[in-house]
Structures are given as structure tokens and as C-alpha cells.
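Just so you know, these numbers use all the heavy atoms, side chains as well, and skip hydrogens, waters and symmetry mates. Residue numbers start from 1 in every chain, and the chains themselves are labelled A, B, ... in the order their sequence lines are given, proteins ahead of strands. No experiment lies behind these values; they were computed from the predicted model shown.
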Number of protein chains: 2
Amino acid sequence: MPEPLPLGSTIGILGGGQLGRMLALAAARLGFKAHIYCPDKASAAFDVTPRKTVAAYDDLAALAAFAAVVDVITYEFENVPSGTAEFLAPLKPLRPGANALAIAQDRLAEKTFIGHLGIPVAPHRPVHALTDLAPALASLGTPAILKTTRLGYDGKGQRQIATLAEAEAAFAELQPHPLVLEAFIPFVREISVVLARGLDGATAAFDPAANTHEAGILVTSSVPAAISPETATAAQRFAADIASALDYVGVLGVEFFVLADGSLIVNEMAPRVHNTGHWTEAVCVADQFEQHIRAIAGWPLGDPTRLADAVMENLIGDEIGAIPARLGPGIRPHAYGKAESRPGRKMGHLTRISIKSSTK
Amino acid sequence: MPEPLPLGSTIGILGGGQLGRMLALAAARLGFKAHIYCPDKASAAFDVTPRKTVAAYDDLAALAAFAAVVDVITYEFENVPSGTAEFLAPLKPLRPGANALAIAQDRLAEKTFIGHLGIPVAPHRPVHALTDLAPALASLGTPAILKTTRLGYDGKGQRQIATLAEAEAAFAELQPHPLVLEAFIPFVREISVVLARGLDGATAAFDPAANTHEAGILVTSSVPAAISPETATAAQRFAADIASALDYVGVLGVEFFVLADGSLIVNEMAPRVHNTGHWTEAVCVADQFEQHIRAIAGWPLGDPTRLADAVMENLIGDEIGAIPARLGPGIRPHAYGKAESRPGRKMGHLTRISIKSSTK
């Protein structure tokens, strides 16, 4: 086991959005410095540290200079180019590792990997060519979902399909190829587990959250989720199994469909802190950002215990105007400091905390 | 009432220590930028924002440039020179105001002000000259405490006195003059109230904390304090009365002695976020740093409700080595990112959270 990263070390973070920003804030609370690497000079994360690199992800000179001034490297998004990860990994510890990135970047590879662990995933077929669509639809039935295997997020890169004609139209629109056709899962609820795994292999899962989406974008995450203790335990165990199989270090988000009988199907995973874990900052002993930093620093993981019930609500686009207008008792606000509000852009969130009188 | 400060505005903070740093982190969570002004180029707060001024507090050109790029000005310490406050106040809103600073900087003025509100303070006598000592000791009895009226903190600038000879020796040592002789208070407990007052005059007090000190330096703050509900309510009311009388905006810390009968005597106040309020970040809906930023931004105050019991322990000097070594279940760490550990220097803190099974 390497020594824990000493106080005062510098955490290098690829990506300057709200997740990078919240990671940098958590790093500061733990006595670390943060260095943000992002091509966008208006990145929100640049406001919370004096250490930054504004350069493209394929700028090898900039990447080398970045690696030279940081002690460990992490990222806020799973679409870090594989060339970037491969270039950085020999220079400084890259956590989570390049294999987690490679698998999470490819929806087919991810499903195959998770399925091989004996964890249920949605029935699916690869779609390399137009001629793959008819047999795939015949096998999976309709409705089905046609998705890109790469670069999808917030509901982008996917279409619900009822007919072969719709599938063919979607095939022409969705890029890049190949695609994957997934069976429609008649779920009763969407949940997620945000889990941390340390350098020593220890894992710590937060309570599963129940999530709602609109137009593919997360709207709310609520704890506790209305699921049985058995379903909650199974979801946490599946997430731990995935993390262990990847020899993962850091925070991992795993989204599940819950079926009527309480059984689970993994929808997708994200090798990073996760929007459905933002409630943890409001009500947990250690939040997901602290857990991620502690994990990649080789520190013991924090305590994920939840002190109260909570509902996290994303503020999308102009909804950011809810801060400070809509603040009231039990509400904890978080604004990401983004200069420009655009439709569909995540600008902040509110966590509504259910205060239990017994805790007073 | 002025409009609430818009998201994206810049908070100017005088002082770059751990309190300035934690204020800057809270400002970021609320969607503000932070600009730190501090003469010490190695300030811990410089690590959490790209916006800084390294200049003396009497550098008028630097102060003017600072005022020009911020939207509101606050401070992390009560010893901001009065000339600095007077220069800045006409340029941008200075919150809390110059009058709170002036009173808190002078132990005699503070006691007079609080006493005039009908709030008990320790019996005391001004000591301008050596010849004031004998009558003051005769009047107050021994033991007594001889203190500077200005620039005292963490137990510096005071001596316990048993005899006139000791008083005369202390008079020669303690600077600057005048001094104040205070009667020794046979307290059973030390508590503090950290309270926020908004621009609209609303107040929100955190639960009183019970504090322990060693060699004048805070060691622990615990909530709930072992005091009656009546004593707790009285302490919160006294703090609110002081804040209202000052037309105060921001977070105020008021320290009290609790006597055997539960009655209270104000020991001192601090016009800023307070070390005895650090536990709030671990267990409250809104912590003291968020409250301060919300208050000075003209936002509605946050919810001070406490979700769990807590004990905050300061990490002084080499005790910072407790992070990460001594972390365990229920413990939330905070390190201040100071490069150099020195005896007596506050380097970080741990909050031990009592997890109630009923909240799971």
C-alpha cells in the first residue's frame, strides 16, 4: 500500500464543470490544493482555485506540465479521451484507472463487463449496420431504445423506438456508430447507488437514492428510496462487485431499474462523482466529493451515514433563479457559479432536508 | 431594502486565514466569487480562489483597487485597523459595519456597550496607570484578570492576578495600555452562541455550544451544551439583543460564563464567524459560513437547525497529524491547508458526530 497522500498535496482534476468544482472544494476542506485542467477558459471550477491549465485534452505538452505539478490525477467526466488517460497514467497515479474509463465510455463493453459479473443488465443487441436493426427488434420486441455506445449523457444519444422505420430513421441520426438496441425495461422506479472504493479495497456505499428524470435529465434524487431493504442491499452489493472487479479507486455511480418484484437491472455506470449523490453533501457525515478525494488520496474512506431524509432537486437553466428566491426552512442551496444560463444546463441544486424532531 | 446580491457577484474578504478560507468556500457553494485581501503571501485562503490582493491593510491604493473589483466587503478578524474600515466603508458595503468593529476592538467599550443593554458583564475597572491597580483590586477582590483592552486573542494579552505585586508586574508586561482589570467569575461552564443577523434584521441563532479551553486556546465545542433550556434561550436572546443594538449584519460570536444557578455573564464577543461554530458545518442545514455570506449578501438567512449532536475538536500545531491517521466512523475532518505547523497554531479541526439510529 502506498502512503496516504500528505496534506498540502495537489489533486489534478480533468474537467472544469460543477463536478470538478465540487471536487476542488472537497479537496480544500481536506487540506489539499486543486489544479483544474479544462479547455474552456470560462470553466466554473476555475473560480475555486488559483491553479489551472486551459488547454485541449490532446495537448501533450500541457498534459505533461499538468502531470508535473500535481500528485494524483482524477477526472469529473467519463469521456476523457483514452489517449489522454494513456498519456497521463504513467506520469502520475490516475484514479479511477484507465480501464474503468475505457469500459464506461462504451455502452456495449460496459454491459458485457457487468453481465459477466452475473449482474443483470437490459437485454441488448449491437447495431453496427442498418441490417442489424430488423433481427435485433425481432429479438428484443418493441418498444426498445436505440442508443449510441459512446458520448451519451443527459438523455442525449438515444431514441425510443416502436417500429423498424423509426429505428432506421434513428440509426441515421444517432452518431457515432456503432449503436446498441436495448429492450425496454418496464421498471417501477429508477434508483442509483453512489459508492466509494479505497486504494485498500474497502468500499462504502451511500443509501440508494430514488431518481426522477425529465427529457433524459435528472430532476430529483430522494433518500430513502421507497424500496425494500433487500433491494437496497442488493443494489449496494452489485455496485461493490462492479467496483471490485474493476479494482476501482474513487467514487462510482451505478444506476438501476427496479422491477415490480423488487429485482434490479443495471442501467449504466459512471466512473465519477454522480449527480444522484449531490444530496450527500447536505446530510451525510462524509459526502461523495470527500469520499472521492479520500479514495484517490489513499486515505481511509469517510463515513457515509445519513443524518436525515433528503430530496435533491436540480436547477436547470433559468430555474437557478430559485436561489435565493425560493430558499426556506430545511433547504440547502448550491449554485455552480456558471456565468451563463442555457436551457438544459445544470446550474445548481437545492436539497430539501427532512428535519427529524427526535434529533433535536 | 437593497436587492439581494446576484449570483456571480464577488465577496471581498479581509484576512486570509482559516476563517477567510472557509468563508470563501461557502461563498463558492452559493455561486459567488471570493477575493481575498491579506498581507501574508502564504495565506491559506489564497488556495481556494484565483482572486487575491497581497498588500498591507494601510495600503490605500491596494484597498481602493480591491474595493473596485468586489461587490461587498467583509472580514475574518476583528482587528482590522479602524483606518482600513473607514477608508473602505464609503466605497462598497462593509458588513458587519465599522461600529461593530470599533466596539469589538476595545474590551472596555465592548463591556460598556453590552452592560448598557442590561446584559450582565463581569465587574471590571479600567487601568490607565499603575496607581489604578490598588483601588481596582480592592474593589474587585482576588483572583482577578488583568487584560489588554486591544489586540487580545487565544488567551494572549491577559494574566490572572492574585496580589498587587503580580498586578504591577503584569501591568509592565501587557501591551498596549490601557488595561482592564476584571473580577474572576466562578463559572461552572463556558458556552457561546453563534448568531446570524440579516440585512432585514432577522436573526437566526445556532444552538449554544459548551466550550473548553487550554492555555487560552479553544480545544473543544460540544452541542448540545449541558445547560437548561432557559439558559440556552437567554444566551440566544442576549446575542440577538447585542446584534440588533449594533444593527449588525453577518455572523456574531458571543461567549458567556454560566454560573452555578444557570445565570449568564458575557465574556466577550467577536464580530465574525467563530471557532466555536465550526461544528455547524458538520451537522446544520446551513452552517455559520453560509449564514455569514447570506447575511452580507442581503439574502434570507439559512436554517440553523442541527441534525445531530457533535463535538468539534481543534487540531493545534502538530495535532494536525490526526488527519488522516485518526479518522474513523462519525468523524468529519477539516484541514486548513497551512503550509507550516507551529505550536499554538490552529491547523484544522475534527467534528465527531453522534449518529442517532432513529434517523436512519
I'd like to verify something: which residue of [options] has the highest number of heavy-atom pairs under 4.5 Å with chain B?
{"options": "Gly31(A), Pro50(A), Cys284(A)", "result": "Pro50(A)"}
{"options": "Pro333(A), Gly8(A), Gly348(A)", "result": "Pro333(A)"}
{"options": "Pro300(A), Gly302(A), Ala286(A), Gly330(A)", "result": "Gly330(A)"}
{"options": "Arg51(A), Lys338(A), Met347(A)", "result": "Arg51(A)"}

If you look only at pairs with a residue in [range], which of them pass as a salt bridge (Lys or Arg N to Asp or Glu O under 4.0 Å), with sequence neighbours excluded?
{"range": "residues 276-287 of chain B", "result": "Arg29(B)-Asp287(B)"}
{"range": "residues 292-301 of chain B", "result": "Glu290(B)-Arg294(B)"}
{"range": "residues 314-336 of chain B", "result": "Glu313(B)-Arg326(B)"}

Within a strict 4.5 Å, meaning less than it, do heavy atoms of the Trp299(B) and Leu30(B) side chains meet? yes
Phe206(B) ring center within less than 6.0 Å of His274(B) ring center: no
Below 6.0 angstrom between ring centroids: does that apply to His334(A) and Tyr336(A)?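 Yes.
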Is [X] in contact with chain A via its backbone, its side chain, both, or neither, using a 4.5 Å heavy-atom distance?
{"X": "Leu7(B)", "result": "side chain"}
{"X": "Ile353(B)", "result": "side chain"}
{"X": "Pro4(B)", "result": "side chain"}
{"X": "Ile331(B)", "result": "backbone"}

Could you check whether the rings of His278(A) and Phe289(A) sit parallel, tilted or perpendicular, using 30° and 60° as the cut-offs?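 The arrangement is tilted - the two ring planes meet at 30° to 60°.
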Determine yes or no for a side-chain-to-main-chain donor-acceptor pair under 3.5 angstrom, with Ser9(B) supplying the side chain and Pro6(B) the backbone.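 Yes; judged by distance alone, with no hydrogens or angles, the pair exists.
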Do you know which of Leu5(B), Val283(B), Leu327(B), Leu301(B) has the most heavy-atom pairs under 4.5 Å to chain A? Leu327(B)
Will you find, in the side chains of Ser192(A) and Thr276(A), an N or O donor that is under 3.5 Å from an N or O acceptor?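 Looking only at side-chain atoms, Thr276(A) and Ser192(A) do form a donor-acceptor pair, the distance falling under 3.5 Å.
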Do His35(A) and Thr53(A) have side-chain atoms, one donor and one acceptor, less than 3.5 Å apart? yes
Does anything in residues 18-28 of chain B reach chain A? List residues with heavy atoms under 4.5 Å apart, or say none. Arg21(B), Leu25(B), Ala28(B)
